[in-house]
Amino acid sequence: MRVYGTELTSPLMLGTALYDSPAILAESVRVARPGVVTVSLRRESAGSQAGQAFWELIRGLQVPVLPNTAGCHTVREAITTAQMAREVFGTDWVKLEVIGQGDLLQPDVFALVEAARLLTEEGFKVFPYTTEDLVVAERLLRAGCEVLMPWGAPIGSGRGLNNLFGLRALRAHFPEIPMVIDAGIGRPSHAVTAFELGYDAILINTAVAKAGDPVGMAQAFHLACEVGKLARAADPMEARDMAVPSTPTLGKAVFAS
Amino acid sequence: MEIMVNDERTRIQSGVLSEALVELGYGEAKVATAIDGVFVPRSARSTRILREGEKLEILAPMQEDKSCESMEQS
């Protein structure tokens, strides 16, 4: 996928939160071979080197980073977090999350569009976490976003692609825009479906970090991305309502009297 | 003077952000700072005067995943 003038080496974007240990995180990234890893900022205790150690670990992975504004609820919070992340991580890319509803972690799309506009004006390259709503998508593009990241399902739910019709419509409406399914993907089969729908990339975190075997699941998602891309390129057949025999009936023996 | 540092009431001697960070033990740490919800870039820390009661946020790259309620303004 090419986004903001950069060709990603893989359509897999992997989050770095929730792993049981830094070693499992590092091994999962090594196996998944993602095109980017997402990273966050959190409070650092005085004298603690935890943040520094984590940053060294991430840098050692040699994968481009995409800072996020995870957990922010207002335009102001998101902008301040993005500004702080740009200084620490040294990139103007930002995955913009503005959460509007606590139970489903649903994006506040009104605040999202406003934050996207303001951040774009400040020179950020915004990756907006949004819904499959076409009108919101149009507004985000008008605000300066060059990529869209609709949810498959609520963050961390692992429910897959909740609204296939909506995601298909979004894909069809903006065929030239790079699109990433962000959130809700729980299994490699969900990832394959995302690519078969024509999406360019997926972003996952919990699905790997909270699997029984995160490294094994990282490998499974790496392969699922390959499978999904191959299937999409091979132009899958359309589903039909009626059966169609796959074995030719012409020349079939007739035994009935 | 007393300020809030990552939501904890903290007494400091320094009157400037860059000096306060050293005093608080963040001397060489790779952190980003905000005061009362407004980002203060590294380049501005030596001229940013601190005032009584201000809320200083000090953030670093982290693996854990919690909300950024820390930025909420009262």
Side-chain angles (χ1 to χ4, degrees), chain A residues 15-22 24-26 37-59 65 67-74 76-90 97-99 102 105 122 155-156 205-206 209-210, chain B residues 1-14 16-48 50-51 54-74:
Chain A
T16 55
L18 303 174
Y19 294 83
D20 284 347
S21 74
I24 293 174
L25 162 62
V37 291
T38 60
V39 288
S40 304
L41 287 176
R42 291 294 180 264
R43 285 171 170 168
E44 176 89 313
S45 303
S48 166
Q49 293 296 310
Q52 184 64 39
F54 182 67
W55 179 227
E56 291 302 327
L57 169 74
I58 295 294
R59 281 179 19 157
V65 297
N68 66 35
T69 63
C72 292
H73 289 78
T74 65
R76 186 178 176 191
E77 279 180 10
I79 287 175
T80 301
T81 302
Q83 291 168 329
M84 296 171 90
R86 177 162 62 178
E87 181 175 87
V88 168
F89 295 112
E97 282 185 37
V98 188
I99 300 301
L105 298 179
E122 280 195 33
I155 295 170
N205 191 157
T206 313
K210 289 303 172 192
Chain B
M1 125 176 81
E2 201 171 81
I3 62 171
M4 300 294 285
V5 179
N6 287 350
D7 225 20
E8 283 188 17
R9 204 177 294 276
T10 305
R11 184 158 286 284
I12 56 168
Q13 301 295 319
S14 318
V16 176
L17 177 56
S18 56
E19 293 169 11
L21 288 172
V22 174
E23 181 185 339
L24 292 167
Y26 295 95
E28 298 299 314
K30 190 174 185 66
V31 294
T33 52
I35 296 175
D36 287 349
V38 178
F39 172 55
V40 181
R42 180 177 291 270
S43 59
R45 288 178 192 164
S46 60
T47 54
R48 178 58 168 85
L50 292 170
R51 299 178 193 86
E54 284 188 317
K55 295 177 180 173
L56 170 60
E57 287 290 337
I58 303 171
L59 304 187
M62 278 289 164
Q63 185 186 352
E64 62 188 321
D65 192 17
K66 295 175 186 166
S67 73
C68 63
E69 286 152 3
S70 52
M71 297 284 205
E72 292 279 12
Q73 293 304 295
S74 53

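No experiment lies behind these values; they were computed from the predicted model shown.
For A:Ala82, the side chain to side chain contact (heavy atoms under 4.5 Å, CB included) partners at least two apart in sequence or on another chain are A:Thr69, A:Val94, A:Leu119, A:Phe124.
The pair B:Glu23-B:Arg11 fails the salt-bridge criterion, with no side-chain N (NZ, NE, NH1 or NH2) lying under 4.0 Å from an Asp/Glu carboxylate O. Note on B:Arg51 versus B:Asp36: no salt bridge recorded, every NZ/NE/NH1/NH2 to OD/OE distance being 4.0 Å or above.
Judged purely by atom type and a 3.5 angstrom limit, A:Thr81 has no side-chain atom pairing as donor or acceptor with the backbone of A:Ile79.
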Let's go through A:Glu56 and B:Lys30 carefully: what are the C-alpha distance in whole Å and the side-chain angles of both, what is the deciding distance for side-chain contact (heavy atoms from CB on, under 4.5 Å) to 0.1 Å, and is it a yes or a no? CA-CA 11 Å; A:Glu56 291 302 327; B:Lys30 190 174 185 66; over 6 Å; no
Salt bridge (Lys or Arg N to Asp or Glu O under 4.0 Å) between B:Glu54 and B:Arg48, intermediate numbers included: CA-CA 12 Å; B:Glu54 284 188 317; B:Arg48 178 58 168 85; 3.0 Å; yes
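Considering all non-hydrogen atoms of both residues, A:Val88 and B:Ala32 come closest at CG2-CB, 3.5 Å.
No part of A:Val39 comes within reach of chain B, as not one of its non-hydrogen atoms sits under 4.5 angstrom from that chain.
Highest contact tally toward chain A, considering only B:Ala29, B:Ala60, B:Gly27, is held by B:Ala60 [criterion: heavy-atom pairs under 4.5 Å].
Residues of residues 38-47 of chain B lying under 4.5 angstrom from chain A, judged on non-hydrogen atoms, are B:Val38, B:Phe39, B:Pro41, B:Arg42, B:Arg45 by number.
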